[in-house]
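Every chain is numbered from 1 and lettered A, B, ... according to where its sequence line falls, protein lines coming before strand lines.
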Amino acid sequence: MEERYNFKAIEKKWQEIWDDEKVYKVEIDKNKEKFYALVEFPYPSGAGLHVGHPRSYTALDVIARKKRMQGFNVLYPMGFDAFGLPAENYAIKTGVHPAVSTKANIENFTRQLKSIGFSFDWDRCINTCDPEYYKWTQWMFIKFFEKGLAYKDKIAINWCPSCKVGLANEEVINGHCERCGAEVVRKDKEQWMIAITKYADRLIKDLDDLDFIDRVKSQQINWIGRSEGAELDFEFGDDKLTVFTTRPDTAFGVTYMVLAPEHEFVQKYMGKFENQNEVRAYVEETAKKSDLQRTMSDEKTGVELRGIKAKNPYNGQMIPVFISDYVLTGYGTGAIMAVPAHDQRDYDFAKVFNLPIVQVLDGGDISEKAWEEDGKHINSGFLDGLNKDEAMRKAIDYAVEHGFGRAKVNFKLRDWVFSRQRYWGEPIPMVYCEKCGWQPIPESELPLTLPEVPDYHPNDEGESPLSKAGDWLNTTCPKCGGKARRETDTMPNWAGSSWYFLRYCDPHNDKEFASKEALDYWMNVDWYNGGMEHTTLHLLYSRFWHKFLYDCGYVPMPEPYKKRTSHGMILAENGEKMSKSRGNVINPDDIIDAYGADAFRLYEMFMGPFDQTAMWSDESLMGVYRFVGKVFGLFKKVYKNTKPSEKDLRAMHKCILEVSERIEQMRFNTAVSSLMTYVNYLSSLDKIAPELYENLLKLMSPFTPHLAEEMWARLGHDTFIVAETWPKGDAKLAEENTVTLAVQICGKMRGTIELAKDASREDAEKAALNLENVKKQLEGKEIKKVIVVPNKIVNIVAA
RNA sequence: GCGGGUGUGGCGGAAUUGGUAGACGCGUCAGACUUAGGAUCUGAUUUCGCAAGGAGUGGGGGUUCAAGUCCCUUCACCCGCACCA
């Protein structure tokens, strides 16, 4: 009876040995070059690991293992982003404390991750809800406060009436709450804000030097939304009404102005409006609308502010002023100058209200629609005859000279709403004193741990469950010693993950978040792989957070990640998203149980291009499962005294070169196919030289570490294959000495010829013309030209 | 509307600088071993055609001796943002 590969016993055996011997533990070693590979740490949900997680984890595990074999000192850590809503919702439903359920979930995740055989250094495992960890998250918040970047502000926030929680813009999807799907409304609330907008420019500029995939860069740039233009002051009552425009060159075409209904001048001048009631009604109406309703309607609405006009500083014209909800309060100055001839939105509005449309750039047909392209200026006084770019410069110069304007850059990015009315998050380490205002608690009192509360519901005012924490709330002011009250909001989910990669460098340090030595050695992260969904959330926040720490002198470089790549999603077999409600979730435990961790890892890498969406297929999984068995089966053909032939070496070196290169480029699916091709070749041999099989095992060890380790041991080695040296491919030995050239007539394939490598053009031509089929095809034709590309092709042009 | 991406067999997908389209895997078909196992091995498998030969990488056009690859144009789908002045 032939032995079958017993993956269950073998995988378990090696996992235990690796664990016991701490094979993947790393320490600072200044004699070795370091390599820091990072994957996004999971939220430990009750559902356990999803098959999507291991796609990213395996990919970087492959890279980390290869780098390790290439002599790098590799840091490949894992941890848990453990604060979050599901644990809290679970607590509300069952009364189980979030700390308890979270701990159980982390244990389950750890078991699952270990069962896949990742080469994480488990001694560095971190957990964001551990007070020893969030102590430093709180410490960093205080630094933000001390530098004036954390501030409390009453703003209209995105409020989810179902979760009773304020959301960041990033958490609102099409006007709905990202978590529960309820429609988000606007609500004025005092919130802690962090001034990420102060870093907007640097967050764009510094992307230049980073090796991030393009879609990440462009998505971040798009999200930050930088636009250059000018601020212009229009006379309005006793005030200056300032607008932001990217087209100051069109100022002579301004025929009206529009304020956001929330603009301060609306209330300030209310008494002067002839149609106060109408104005008031419109303001109230828009306040009631959700963002979604506001953006959904295509029709422009608005009300003229009768009784008051604005003066265009360029031509002195008096123009009407409107309020309309198509002007947003949060962007620019909340007011615009309207140029209906050259802006489609203004054009639509002007049509509804019968406002004049004055063309100031030549081109298009403005009886149809606005002309938004370039052209020569007309009707524009001193700008006449100029094109857009020149006119823009001149218009700004003119405004500066006459003191009514200035060049200005604006961003779509808003400051980060940092308060959550939730229990299961980091307490914000601030107290409020009637006399001294908001004060941070002293560093010596960190961590400020979460108190026990009677229940986890927010109250109807939308206040955090911490508002029910009794005595915990009352404290003294660190400044004056008087009575003070603690902040009851907690930090958002994104706080702990904004700096976790720093903690991995020195996870047990209780004096600092990480020592300078550790940061100097391990940072930057050399390669960070994660999901596209975090591009404008975690990835942007953590870049900002890191830049702030850099400015304070706490980290040695301005950017945290050198390289960022992203994996595609894994969908169910039918192309749908995997979800509990659809019942199509694949549980990694089941796969590992049935096919083993190695087959699972290999399949995750083989299923398709790494950066693209892939569909799960049990049938395809069978293919790699068979492959694992095949590699195991080859072992019995390995004979100690066999010498490899030239052809054998050619196949081996070709495989080494391909696999090495393809791993580096994250073309894992083709790296695996190279291994398969090589294994097919080895299968065709009667006897396999040890060298051939050993190198196969080394090349496979990043993908299937258990199998590789087992067979390595069976070959008689007493070392770990994961600590062996990565094989070097020799391009010369991989080369064929004969090549097959295609022979074409007028670009159509008519046959092939076998020639020595680098055979001369003449020989190639002669051999091609000698082919029977070629002779036949050329009958009665005249050869016009013969094109020979050495080692590739012979093309005969004939008529 | 703006930004990014993808279109290749029955399916997942391969194809340096333009140079034999369909590697590798799945599935299917045939055979072998055996006999009942979703096992293993061998062979075939883009399509039309008995063959010679033709067609073929979403559609249309172009450049070239030669185009999946370069250029123009068009369609479909996916992701992100979205009244951002």
Exercise for the section: Can you check whether any acceptor in the base of B:C81 is under 3.5 Å from a donor in the side chain of A:Lys412, or vice versa? Expected result: no
Practice task
Report, as yes or no, whether the 6.0 Å neighbourhood of atom CD on A:Glu299 holds more than 12 heavy atoms from other residues, nucleotides or ligands.
Solution key: no
Exercise for the section: Using atom NE2 of A:His567 as one end and atom P of B:G5 as the other, report the distance to the nearest whole Å. Expected result: 19 Å
Practice task
Starting at atom CG of A:Asp593, determine the distance to atom P of B:G38, rounded to an integer number of angstrom.
Solution key: 18 Å
Practice task
May I ask you to decide if the ring planes of A:Phe703 and A:Phe668 are parallel, tilted or perpendicular, using 30° and 60° as cut-offs?
Solution key: perpendicular
Problem - Where the chi angle of B:G22 falls, syn if within 90° of 0 and anti if not - result: anti
Donor-acceptor pairs under 3.5 angstrom involving side-chain atoms of residues 746-756 of chain A: please list them, not counting sequence neighbours.
from	atom 1	to	atom 2	distance (Å)
A:Glu754	OE1	A:Thr740	OG1	3.2
A:Glu754	OE2	A:Thr738	OG1	3.2

Handout entry: Residue pairs fulfilling side chain to side chain donor-acceptor pair (under 3.5 Å) with at least one residue in residues 782-794 of chain A, sequence neighbours excluded
Key = A:Asp758-A:Asn791
Protein and nucleotides 14-23 of chain B: nitrogen or oxygen contacts under 3.5 angstrom:
from	atom 1	to	atom 2	distance (Å)
B:A14	OP1	A:Asn669	ND2	3.1
B:A15	OP1	A:Arg667	NH2	2.4
B:U17	O4	A:Lys792	NZ	2.4

Problem - Inter- and intrachain pairs under salt bridge (Lys or Arg N to Asp or Glu O under 4.0 Å), touching residues 662-686 of chain A, at least two apart - result: A:Lys66-A:Glu664, A:Lys67-A:Glu664, A:Glu658-A:Arg662
Are [X] and [N] close enough that a side-chain N or O sits under 4.0 Å from OP1 or OP2?
X: A:Tyr326; N: B:A85; result: no
X: A:Gln777; N: B:A52; result: no
X: A:Lys408; N: B:A85; result: no

Fill in the blank from the handout: By nearest-heavy-atom nucleotide on RNA chain B, the more 5' of A:Asp343 and A:Lys748 is A:Lys748
Completion exercise
Of A:Met615 and A:Asn222, the one whose nearest nucleotide on RNA chain B sits closer to the 5' end is A:Met615
Name the pairs: protein N/O against N/O of nucleotides 42-50 of chain B, kept only if under 3.5 Å.
none

Tabulate atom names and distances for all N/O pairs under 3.5 angstrom spanning the protein and nucleotides 26-31 of chain B.
from	atom 1	to	atom 2	distance (Å)
B:C26	OP1	A:Arg626	NH1	2.6

Practice task
Taking atom types as modelled, find out whether A:Asn410 and A:Ser227 have a side-chain donor-acceptor pair closer than 3.5 angstrom.
Solution key: no
